[in-house]
Amino acid sequence: MSRPDRTEFRSLTGMRDVLWPESARRRALVDVFAAVVEAAGYREVRPPLLEDLGVFLRVGETTDVVTKEMYDFEDKDGSRVALRPELTAGVVRAFVQHSPPVPWKVWYEGANFRHERPQKGRYRSFEQVGVEVLGVDDPDLDVEVIALAWRFYEAIGLRSVRLLLNTLGEHDDRARYTEAVRDHLEAHRGDLSDQALATLARNPLRVLDSKRPQDRAVVESAPVIADVLSAPAAEHFARVREGLEVLGVPYTEAPRLVRGLDYYRRTTFEFAAESLDAAQNAVGGGGRYDGLAEDLGGPPTDGIGLALGVDRILLACDAEGVFGAPEAVLDVYVVDLVGGAAARDLTHELRAAGFSADRRFGGGSMKSQMKSADRSGARWAVLVGDDEVAAGEVTLRDLRGGADQRRVPRDRLTAELAGSQPSETQPSEPEVEPT
RNA sequence: GUGGCCGUAGCUCAGCCCGGUUAGAGCGCCAGGUUGUGGCCCUGGAGGUCGGGGGUUCAAGUCCCCUCGGUCACCCCA
């Protein structure tokens with residue numbers, strides 16, 4: 001745009017390039033999540049990014065996510081499709097389509113898309129990790145899912161996360177509750193903000209989420225779900241709370257907690273990072289969605305899931321100084337002063353032997369190549385000049401700490417490296433250190 | 001969709017209020033100091049249509065208008 005005579009492309013609004021080392025940090029985060037949930041029997045599912053628009057319409061026809069933030073468009077055959085704004089709907093659609101044995105315990109990671117104005121911690125393309133379980137009606141499962149998220153936050157080092165817990169009751173409870181809230185809000189129309197009135201018209205429960213000071217008094221005097229909760233729903237909720245207490249997962253009851261999507265029933269929860277500003281402190285959430293599979297054309301099936309926002313979790317990590325980006329790590333950097341063939345051959349041999357190895361292309365002075373070696377994060381530099389070639393040797397230099405170096409026969413190089421520092425020769429787990 | 005703030009070197013920014021010769025700094029990058037040795041230090045160098053367009057003026061990075069982009073917030077949400 002800034003050069004009319006030359007086309008210069010930029011990433012689209014709200015879309016970002018994730019460059020190293022941030023990319024490595026994200027991968028490390030997903031690895032931690034995968035380790036936590038796979039240890040509990042969850043297996044990865046990878047639904048497509050694009051679905052029939054109807055899949056998403058079913059999950060929230062009165063929500064902003066669906067009504068105004070969806071990337072939907074007409075496909076080449078005229079059908080209406082959309083980029084997924086979240087993953088639960090696609091996962092449940094996959095469940096209905098494939099009828100896997102229940103319980104179906106899956107986890108996922110990936111990008112979602114919402115067409116909204118970007119700001120800190122919210123982008124048009126954003127990543128989530130999450131789990132879903134279909135086919136189990138047992139409060140202990142709710143406890144398991146919540147406890148896994150809790151364990152994950154602990155594993156990456158976050159300490160300021162608070163669990164907010166609520167129940168929306170059974171289907172009929174929710175309907176009754178919605179009416180009770182609607183009646184209450186209608187009775188106080190005059191005290192509500194214009195935005196709250198607009199929300200009231202299409203989804204009364206969502207007004208409870210209003211953070212506007214003007215609405216606070218009306219919201220706080222609104223009926224709570226406990227007033228209309230049926231006995232089975234109350235029992236379910238009691239057992240969830242009991243389970244969390246036994247497992248030592250602290251929670252705060254949040255009777256006004258109403259989550260963004262329409263499909264939630266019974267248990268709902270949200271994780272708030274208190275190290276972040278309120279505008280983006282929700283770092284995860286989820287709940288039960290018994291009935292969603294049926295809405296998508298499948299058999300009546302209980303379901304529960306959670307989704308955690310990767311971008312916001314990393315913001316919280318920044319705020320708390322944990323889970324920093326990893327340092328560059330490399331076993332060997334080859335410095336070649338004899339034309340490049342030695343670097344070509346040695347890096348190839350070293351990699352085949354299981355070492356990570358890099359080099360400089362295009363030559364350069366020894367000094368500049370050593371600078372590159374330093375920046376690469378390499379443990380060792382292997383130097384090859386005329387002297388070494390003549391002697392059939394290479395120079396092995398320690399780049400950490402001192403400047404020890406020694407000549408070794410070229411055909412003994414991998415053996416020398418293996419003996420010198422075994423721990424450096426293993427493909428290790430991501431090295432993630434606090435910044 | 002609405003509002004605030006900001007666009008000057010690869011990055012972070014100064015200069016703009018009070019228009020005036022070749023637009024600066026730090027970091028990064030390249031090279032040299034050390035004709036085969038990184039990190040620290042010193043010296044030098046490359047790198048900028050001052051987001052774009054229009055206007056005012058003898059003169060615009062600086063003033064005015066428009067526009068594009070970024071960012072933060074509202075709405076809503078992860």
Side-chain angles (χ1 to χ4, degrees), chain A residues 1-6 8-14 16 19 60 62-69 85-88 110-130 149 193-196 198-199 202-203 206-207 209-213 215 258-261 270-273 276-286 306-316 333 335-338 360 364-389 395-405 407:
Chain A
M1 236 45 91
S2 59
R3 298 185 182 216
D5 56 328
R6 232 169 50 171
E8 179 179 301
F9 292 111
R10 298 180 50 85
S11 55
L12 298 173
T13 297
R16 300 164 305 152
L19 310 182
T62 62
T63 65
D64 278 7
V65 167
V66 168
T67 56
K68 70 176 195 186
E69 295 177 358
E86 51 104 45
L87 266 148
T88 301
N112 302 299
F113 302 87
R114 293 183 193 173
H115 192 103
E116 58 187 343
R117 287 288 287 269
Q119 61 182 282
K120 191 173 189 180
R122 39 198 318 186
Y123 307 97
R124 288 184 176 181
S125 171
F126 63 102
E127 288 175 49
Q128 290 183 331
V129 295
S193 65
D194 291 344
Q195 280 137 339
T199 306
R202 61 174 200 276
N203 192 341
R206 295 224 47 79
V207 178
D209 248 0
S210 171
K211 297 181 182 83
R212 290 173 291 271
D215 301 327
V258 176
R259 295 194 32 82
L261 300 169
E270 191 166 295
F271 295 95
L276 295 177
D277 295 334
Q280 62 266 346
N281 75 352
V283 293
L306 63 78
L308 313 182
V310 172
D311 302 291
R312 290 190 181 174
I313 289 169
L314 291 175
L315 281 180
Y333 197 95
V335 173
D336 180 323
L337 300 170
V338 292
R360 167 102 137 243
S365 68
M366 180 165 200
K367 177 169 177 160
S368 69
Q369 290 196 51
M370 284 299 293
K371 274 174 164 306
S372 297
D374 188 50
R375 274 196 298 265
S376 75
R379 177 76 175 83
W380 303 99
V382 167
L383 286 59
V384 184
D386 292 330
D387 295 353
E388 286 84 351
V389 171
T395 294
L396 182 58
R397 181 180 175 91
D398 185 347
L399 290 178
R400 308 262 175 95
D404 297 336
Q405 66 181 48
R407 296 272 287 262

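Sequence lines set the chain letters: A, B, ... in the order given, protein chains first and strands last, and positions in each chain run from 1.
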Using atom P of each nucleotide, how far apart are B/G55 and B/G61 to the nearest Å? 15 Å

A/L12 CG - B/C68 P separation (whole Å): 16 Å

Considering all heavy atoms of both residues, which atom of A/Q128 and which atom of A/A307 are nearest to each other, and what is their separation? OE1-CB, 3.6 Å

Donor-acceptor contact below 3.5 Å, side chain A/R400 vs main chain A/G377: yes

Indicate, with a heavy-atom threshold strictly under 4.0 Å, whether A/Y123 touches base, sugar-phosphate, or nothing. base

Could you tell me whether A/G285 contacts a base, only the sugar-phosphate backbone, or nothing, with contacts defined as non-hydrogen atoms closer than 4.0 Å? nothing

What nucleotide among B/G32, B/G36, B/A78 has an atom nearest to a side-chain atom of A/S365? B/G32

In whole angstroms, how far is the C1' atom of B/U37 from the CZ atom of A/R407? 13 Å

If the C1' atom of B/G51 is compared with that of B/G69, how far apart are they to the nearest Å? 7 Å

Compare all side-chain heavy atoms of A/W380 with those of A/D398 and state whether any distance is below 4.5 angstrom. yes

Would you indicate what A/D398 reaches in the nucleic acid, counting non-hydrogen atoms under 4.0 angstrom: base, sugar-phosphate, or nothing? base

Quick one: label A/D387 by what it contacts on the DNA or RNA (base, sugar-phosphate, nothing), any heavy atom closer than 4.0 Å. base

What integer distance in Å separates A/F126:CZ from B/C76:P? 17 Å

Need one value for A/E270: base, sugar-phosphate or nothing, where a base atom within 4.0 Å counts as base even if backbone is also close, heavy atoms only. nothing

What interatomic distance, in whole Å, is found between P of B/C64 and the corresponding atom of B/C6? 12 Å

Nearest-nucleotide pick for A/T13, side chain only, options being B/G70, B/C75, B/G38: B/G70

Within the structure, does a side-chain N or O atom of A/S368 lie under 4.0 Å from either OP1 or OP2 of B/C30? no

Residues in salt bridge (Lys or Arg N to Asp or Glu O under 4.0 Å) contact with A/E116, at least two apart in sequence or another chain: A/R122

Distance between the C1' atoms of B/C11 and B/G28, in whole angstroms? 7 Å

Does the side chain of A/Q369 reach to within under 4.5 Å of the side chain of A/L383, using non-hydrogen atoms? no

Heavy atoms only, 4.0 Å cut-off, all strands: where does A/L383 land among base, sugar-phosphate and nothing? base

Under 4.5 Å between any side-chain heavy atoms of A/S368 and A/R360, yes or no? yes

No-H, no-angle donor-acceptor pair, A/E116 side chain to B/G1 base, under 3.5 Å: no

Separation between the P atoms of B/G19 and B/A59, rounded to whole Å: 15 Å

May I ask you to say what A/A282 touches in the nucleic acid, namely base, sugar-phosphate or nothing, with a heavy-atom cut-off under 4.0 Å? sugar-phosphate

Side chain to side chain, A/L314 and A/E127, heavy atoms closer than 4.5 Å: no

Send over the distance from A/D336 CG to B/G36 C1', rounded to a whole Å. 12 Å

Minimum side-chain heavy-atom gap A/D386-A/V338 below 4.5 Å: yes

Considering every strand shown, what is the Watson-Crick or G-U wobble mate of B/C76 when both distances are under 3.5 Å? none

Applying a 3.5 Å limit to both distances, which nucleotide forms a Watson-Crick or G-U wobble pair with B/A31? B/U43

Return whichever of A/R312 or A/S11 has its heavy-atom-nearest nucleotide of RNA chain B closer to the 5' end. A/S11

With a 3.5 Å limit on both atom pairs, tell me what B/U71 is paired to, counting Watson-Crick and G-U wobble, or say none. B/G4

When the distance from CZ of A/R122 to C1' of B/U71 is rounded to whole Å, what number comes out? 14 Å

At 4.0 Å (heavy atoms only), tell me whether A/S372 reaches a base, stays on the sugar-phosphate, or touches nothing. nothing

Counterpart base for B/G61, defined by Watson-Crick or G-U wobble contacts under 3.5 Å: none

State, to 0.1 Å, how close A/A273 and A/V283 come at their nearest heavy-atom pair, and which atoms those are. CB-CG1, 3.7 Å

If we take the P atom in both B/A14 and B/G7, what is their distance in whole Å? 7 Å

Would you tell me whether A/T395 and A/Q405 have side-chain atoms, one donor and one acceptor, within less than 3.5 Å of each other? no

Considering only heavy side-chain atoms of A/R10, the closest of B/G69, B/G36, B/A78 is B/G69

Within this structure, what is the CD-to-P distance between A/Q369 and B/A31, rounded to whole angstrom? 10 Å

Within the structure, does a side-chain N or O atom of A/R375 lie under 4.0 Å from either OP1 or OP2 of B/C29? yes

How far does the P atom of B/A46 sit from the matching atom of B/G10, given to the nearest Å? 15 Å

Scan nucleotides 39-47 of chain B nucleotide by nucleotide, 5' to 3', and note B when protein non-hydrogen atoms come under 4.0 Å of the base, S if they reach only the sugar-phosphate, - if neither. B--------

Taking every non-hydrogen atom, the tightest pair across A/F126 and A/F113: CE2-N, 4.1 Å

Please state whether the base of B/U37 and the side chain of A/Q405 form at least one donor-acceptor pair under 3.5 Å? yes

A/K120 side chain: which of B/C76, B/A78, B/C72 is closest? B/C72

Whole angstroms only, please: what is the CD-P distance between A/E69 and B/C75? 13 Å

C1' spacing across the pair B/G26 / B/G20, given as an integer number of angstrom: 28 Å

Checking N1-N3 plus N6-O4 or O6-N4 for Watson-Crick, or N1-O2 and O6-N3 for wobble, each under 3.5 Å, the partner of B/G26 is B/C11

For the side chain of A/Q119, starting at C-beta, report the closest nucleotide among B/C75, B/A78, B/U37. B/C75

Would you mind classifying the nucleic acid contact of A/G130 as base, sugar-phosphate or nothing, using non-hydrogen atoms under 4.0 angstrom? nothing

For the pair made of CE in A/M366 and P in B/G38, what is the distance, rounded to whole Å? 8 Å

